[in-house]
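Sequence lines set the chain letters: A, B, ... in the order given, protein chains first and strands last, and positions in each chain run from 1.
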Amino acid sequence: MSSTPLSQRAVAARPAPYLDELNPAQREAAETLEGPVLMLAGAGTGKTKALTSRIVHLLATGTAKPNEILAVTFTNKAAREMKLRVGRTLGEAVEGMPWLGTFHAVCVKLLRRHAELADLKSNFTILDSDDQIRLMKQLLAAANVDEKRWPARMLAGIIDGWKNRAWTPEQVPPDEAKAFDRRGVEFYAAYQARLRDLNAVDFGDLLLHVIRIFRENEDVLAQYRRWFRYILVDEYQDTNVAQYLWLRLLAGGHRNICCVGDDDQSIYGWRGAEVGNILRFEQDFEGAKVVRLEQNYRSTGHILAAASGVIASNKGRLGKTLWTDGEDGEKVRLIGHWDGEEEARWIGEQVEDLQRGTRGLDPFGLDSMAILVRASHQMRAFEDRFLTIGLPYRVIGGPRFYERLEIRDAMAYFRLATSPDDDLAFERIVNTPKRGLGDKAVQTIQKTARSNGVSLHEGARLAVQGQLIRGKGAGELRVLVEAIDRWHGQVVAEADTHVELAEMILDESGYTGMWQADKTPEAPGRLENLKELVKALENFDNLQGFLEHVALIMDNESEDSEEKVTIMTLHAAKGLEFPVVFLPGWEDGLFPSQRSMDESGLKGLEEERRLAYVGITRAERLCTISFAGNRRVYGQWQSQLPSRFIDELPEAHVEVLTPPGLYGGGYGAAGMSASASPILQGLAASSVQERASRADVYNSPGWKRLQSRSGQRGMAQPQEARGITIDLEASSSFSTGDRVFHQKFGYGEVMALEGDKLVIEFDKAGTKNVVARFVVQAGQADDVPF
DNA sequence: TACTACGGTATTTTT
DNA sequence: TACCGTAGTA
């Protein structure tokens, strides 16, 4: 019933308005239903539209029924969005698609059905990373491992990495197995054993268990291959090895798989994503049809060209040429600042200007503006600044609702009420609020539980009965144990509504009281969150349903209506778009991040570059890149070089802005002068910058790199470079031992010379790296150039 | 058992 | 610099 000709006849016969809205490439992607398809969808090219149209097409032509389509995404948000749009296009006529969801949500469903094949009970609990680390801490403590040298976090990271690559403990290759003091695999195995005992899985296991079930049970796999006749995968460039294997298993029969992605937007390599998956698609699925979506509907011509220019430096791309038939718009704006605070101040002003509608542009609402940073610590400068000028902002990211301490505590209580044997939950809250049960008491409970082969909850009961725990704690523990029994009874009996029950639990446990009694400033907020949690319960039929939901849905869309500027990381911005985008902190070491280059070399640099590409392509109409010459890094002032990505911006699409103010406005300090970029040279030619510019030695990229490295390590400054410094700054050549004065740091002594930077031990401010230009010989303070 | 002081460390984080 | 986590102490 699903032969190709038939389904296509059906299309021809029926009016299909959703297809008319597509451009030729999108349409091809939506209509090629049989066989493997790779949809290479550049930023802003209508990927979701094509994808949802494809689903609609499958349904509308009768090619597939809703339950025959497996559609996987990475985020709940993406899944929601897709569901919504399918429903809307179809006119809500179709019942929901049961297999449209995140990889994890789909796996949970599968695993619940076949839990016994993975040695689990179908009511297994799903641990989040917090539980995971807690568990590992226990394992490490039991093995007498020094937590200082070998932290549980590290182990968790290593094991996660292995799971991302679909390695069971036995499959970890020997050289990898040496990780974690040569005991990584040992702890991995122990951890898995512990999870089995707890009837629990972590996120990685959701995939791995299902893969194992498929591999070991041909009949099960065959059943799902028959079942899922059409497979769609969103953000394919972000899949890890485990997800890839999972997909290959399921698509293995019919090969009706359509993967959508953009290799240029692969920014989660550090989390196990394998760009190789998308790059290899055509080999993996022979005869695959590759469709490129290249018409961009989001950004203006200049923005698109700037982004394309940057990403062009990456090797091994599948290659796309984004184009638009829209207007060129404003050029991407580039500006350097004296330091990070100055940058924040300037951006704050820009936001206000744009809001008022200066610059000959229509006013932009605050909602349409975003500041995208590389690392979350950069947010602080903006928050500080916006707070002082009273500019409303919203920070995306940070601790999510369900990750908050009080929410997790409350959830642990709920978990105990539904399943009293949940040891991790029990452990979490035995002494929260304080019940006088310390380490020793908990150990006694654990020992009792273990020797009797029961849960901690039962162990606690036995310990109380056997008077193994004495004093104040004993009474409190008895109360807790009995309370858990009672709550559980209520859950089973369904005596009260779950919302009332939840309130009762939080009340009787003393948890609410604990925060009410707390007079620290954050207590009211926490109570507020608890209220919100209870409110969220109303959307579910019972506690179990809620807990199940929460285990996989850790997102937190707080809908507030007030107009605000958005501040978030580049990673968090993927998939979003804003009319106005600010990209601050484009400085070598910060962006691209030194760490990612150190850890992953060229691969890391290329991922950073993709991040730059993602950043620029978020902008619809106005994109402003900025950098600061000086930045405080961990309390130390450091002079910064403009990002190498700035050199890669195509000149024709960039407008270099001159910072306001003569001297104080800053001119990008060291980096500006050292840059080989024509863009920055153009800038350097303007009045103030002239003084900062250097002879050609400084203008070679090689020197720039050298300089940025030597800056950290105290490499001696070459003789000729010093000569140049003297020429340009007649009054200020330095040698070690000189007494100098700096506007910000006061008096100090020159300890070393590094390129155009000096290492100075200031009398008050400590040792700093500062640019020679901003320092004068002591006693010449009157000549300070600012 | 609970508080304080110190030291080590410091990206990005869909589930 | 600022936080978190651990260890030491009351």
Options [options], nucleotide nearest the side-chain atoms of [X]:
X         : options                  : result
Glu403(A) : dT15(B), dT12(B), dA2(B) : dT15(B)
Arg380(A) : dA2(C), dT6(C), dT15(B)  : dA2(C)
Asn76(A)  : dT15(B), dT6(C), dT12(B) : dT15(B)
Thr569(A) : dT13(B), dA10(B), dA2(B) : dT13(B)
Glu147(A) : dT15(B), dT11(B), dT6(C) : dT6(C)
Lys148(A) : dA2(B), dT12(B), dT6(C)  : dT6(C)

Aromatic-base stack, Tyr634(A) on dA10(B), cutoff 5.5 Å, angle under 30: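 So Tyr634(A) counts as stacking on the base.
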For a quick check of understanding: with a heavy-atom distance under 4.0 Å over all strands, which category does [X] fall into, base, sugar-phosphate or nothing?
X         : answer
Tyr268(A) : base
Gln132(A) : nothing
Lys434(A) : sugar-phosphate
Gln378(A) : nothing
Gly436(A) : sugar-phosphate

Just to confirm, is there a sub-4.0 Å distance from OP1 or OP2 of [N] to any side-chain nitrogen or oxygen of [X]?
X         : N       : result
Ser596(A) : dT12(B) : no
Lys137(A) : dT6(C)  : yes
Asn431(A) : dT1(B)  : no

Measure from [atom1] on [X] to [atom2] on [N] and round the result to the nearest Å.
X         : N       : atom1 : atom2 : value
Asp439(A) : dG8(C)  : CG    : P     : 14 Å
Gln243(A) : dT15(B) : CD    : C1'   : 9 Å
Asp130(A) : dC4(C)  : CG    : P     : 13 Å
Glu606(A) : dT12(B) : CD    : P     : 22 Å
Arg609(A) : dT12(B) : CZ    : P     : 21 Å
Leu405(A) : dC4(C)  : CG    : P     : 11 Å
Leu605(A) : dT11(B) : CG    : P     : 20 Å
Gln636(A) : dA10(B) : CD    : P     : 16 Å

Test: Glu341(A) and Arg345(A) ion pair at under 4.0 Å: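 Arg345(A) and Glu341(A): not salt-bridged.
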Arg85(A)/Glu81(A) salt bridge by N-O under 4.0 Å criterion: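 Between Arg85(A) and Glu81(A) there is a salt bridge, with a charged N closer than 4.0 Å to a carboxylate O.
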Distance-only donor-acceptor test (3.5 Å): side chain Arg632(A), base dT1(C):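 There is none.
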5' priority, DNA chain B, between Lys440(A) and Ser593(A) [closest heavy atom]: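 In this pair, the answer is Lys440(A).
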Most 5' of Gln594(A) and Leu206(A) on DNA chain B, judged by nearest nucleotide: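 The residue closer to the strand's 5' end, by nearest nucleotide, is Gln594(A).
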Gap in Å between the two P atoms, one belonging to dT12(B) and one to dG5(C), rounded: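 Per the computed distance, 15 Å lies between those P atoms.
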[atom2] on [Y] to [atom1] on [X], rounded to 0.5 Å:
X         : Y         : atom1 : atom2 : result
Gln237(A) : Arg610(A) : CD    : CZ    : 9.5 Å
Tyr188(A) : Lys163(A) : OH    : NZ    : 5.0 Å
Ile158(A) : Leu155(A) : CD1   : CG    : 6.0 Å

Sole candidate of Arg408(A), Arg428(A), Arg194(A) that passes salt bridge (Lys or Arg N to Asp or Glu O under 4.0 Å) when paired with Asp131(A):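 Exactly one option meets the salt bridge (Lys or Arg N to Asp or Glu O under 4.0 Å) with Asp131(A), and it is Arg408(A).
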Aromatic ring proximity, centroids under 6.0 angstrom, Phe203(A) and His104(A):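 Aromatic pair counts; centres sit under 6.0 Å.
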